[in-house]
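In the text below, chain A, chain B and the rest are named by the order of the sequence lines, each starting its count at 1. Keep in mind that the numbers below use all heavy atoms, side chains included, and drop hydrogens, waters and symmetry copies.
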There are 2 protein chains.
Amino acid sequence: MAAKGNKNDVSLQAEGRDYETELQSAGVRITRPRQVILTILKEMNDHPDAMEIFKRAVRVDESISLATVYRTMKLLEQLGAVHRHSFEGGPARFENADGDHHDHLIDLDTGKVIEFHSESIERLQQQIADELGYDIEHHRLELYGRKRKKKN
Amino acid sequence: MAAKGNKNDVSLQAEGRDYETELQSAGVRITRPRQVILTILKEMNDHPDAMEIFKRAVRVDESISLATVYRTMKLLEQLGAVHRHSFEGGPARFENADGDHHDHLIDLDTGKVIEFHSESIERLQQQIADELGYDIEHHRLELYGRKRKKKN
DNA sequence: AGGCCAGTTGCAAACGATTTGCATTTGCAA
DNA sequence: TTGCAAATGCAAATCGTTTGCAACTGGCCT
């Protein structure tokens, strides 16, 4: 087999930050399943769950197993490449961790996730933790709602 | 058996609001397992999970089953008597719904839950949802942290 | 006081999401 | 190229929770 481009070349044309190299230097082996999942990660700008990621992966490589998706997502989470969210009433969903911090508004009708950020809220949270004598490790702010019916 | 006090009287001395009557009028049967769980509910000022509630219940009545605890908690939740919280990495935990709205700070070392409320944050959330064109159904704000090491 | 019967129960099995043991592959450093 | 630890696929296990079902029981109705 050719040195770099292996037989089923996984169209790695995406521009983004190079996770493969990052992982490489973190001492993680770049296996075929991980290549596939990383490619999906790079193209991912939504919040899919493990099963959805698995389905996308299978489209590229039949032989990938759901267990490996779970294992890889856990690995990527530990490495800080993805964030895991456990929204109400459903499996955990993942998102690319490259952007900056934000919270989520979940559309109860569609499941769609809208990201937002409020520096004021962040500040208030910090202040509250201070008053209670705590250091915040992380937090979770989720708004669950529905699109406002037209009105006025 | 005497009219009101049945044979194994479940020490219903607590002061609080009378859920039994509330449930009664909601057309729900007051069975023995429900009596026991309601008593526990009244004394409950922490955030126990189903298993913990089950254990407390068994102390009063050997024969109660975990399934009934789950069923009853679901019922009470629907009736608005308790709130269910799914904090990170653990089973759902319940709390008495009588107090006023608050959010939670979870102590990562002990699992202890501290309640807090910030009208400013509530307002900001509302404002954000407005801007995004959504009506908030409910929200979830959880701070995860550890007690601040003395310092200064 | 007794009966009736839908509402409830306990039990065990089913569930959905996620993890894990194990025997088999596979990166990749030497 | 070989060697071996790391990673995989598979199936079985786990955890929290729900559910089917047959047995039981509140509590309204005589």
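The aromatic rings of H83(A) and H85(A) sit perpendicular to each other, their planes meeting at more than 60°, with 30° as the lower class boundary.
With hydrogens and angles left out, the side-chain atoms of H101(B) and H139(B) include a donor and acceptor closer than 3.5 Å. Side-chain N/O atoms of E88(B) and H138(A) include a donor and acceptor closer than 3.5 Å. Residues H47(B) and E52(B) bring no donor and acceptor atom of their side chains to less than 3.5 Å of each other. Between the side chains of H117(A) and E119(A), at least one donor N or O sits under 3.5 Å from an acceptor N or O.
Look at CD on Q78(A): it is 12 Å from P on dA7(D), rounded to the nearest Å. Rounded to an integer number of Å, the gap from E88(B) CD to dG16(D) C1' is 17 Å. At whole-Å resolution of the value, CE in M73(A) and C1' in dA7(D) are 17 Å apart. Taking atom CD of residue E62(A) and atom P of nucleotide dT8(D), one finds them 18 Å apart after rounding to whole Å. Nucleotide dT9(C) holds its C1' atom 14 Å from the CD atom of Q35(B), rounded to whole Å. Regarding D61(A), its CG atom lies at a distance of 14 Å from the C1' atom of dT25(C), rounded to whole Å. Nucleotide dT18(D) holds its C1' atom 15 Å from the CG atom of L75(B), rounded to whole Å. To the nearest angstrom, C1' of dG7(C) lies 14 Å from CG of L23(B).
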Protein-nucleic acid N or O pairs under 3.5 Å, nucleotides 16-20 of chain C:
unit_1	atom_1	unit_2	atom_2	d
dT18(C)	OP1	A92(A)	N	3.0
dT18(C)	OP2	Y70(A)	OH	2.6
dT19(C)	OP1	K74(A)	NZ	3.0

Using atom names, set out every protein N or O paired with an N or O of nucleotides 27-29 of chain D below 3.5 Å, distance rounded to 0.1 Å.
unit_1	atom_1	unit_2	atom_2	d
dG27(D)	OP1	Q24(B)	OE1	3.4
dG27(D)	OP1	I30(B)	N	3.1

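With hydrogens and angles ignored, the 3.5 Å screen pairs a side-chain donor or acceptor of T72(B) with a backbone N or O of T68(B). Looking at R148(B), its side chain does come within 3.5 Å of a backbone N or O of D130(A) through a donor-acceptor pair.
The residues D107(A) and R146(A) are annotated as not salt-bridged, no charged nitrogen and carboxylate oxygen being separated by less than 4.0 angstrom.
In this structure, K55(B) and P48(B) have side chains that are not in contact, with every pair of non-hydrogen atoms separated by 4.5 Å or more.
Within a 6.0 Å radius of CG in D100(B), no more than 12 heavy atoms belonging to other residues, nucleotides or ligands are found.
Hydrophobic clustering, with ILVMFWY side chains joined whenever heavy atoms are under 4.5 angstrom apart, groups Y134(A) together with L141(A).
Between the two ends of the helix from dT19(C)-dA12(D) to dA30(C)-dT1(D), each summarised by a five-pair axis, the helix axis turns through 30° (rounded to 10 degrees).
Comparing dG7(C), dC10(D), dA7(D) by their nearest atom to the side chain of R34(A) picks out dA7(D).
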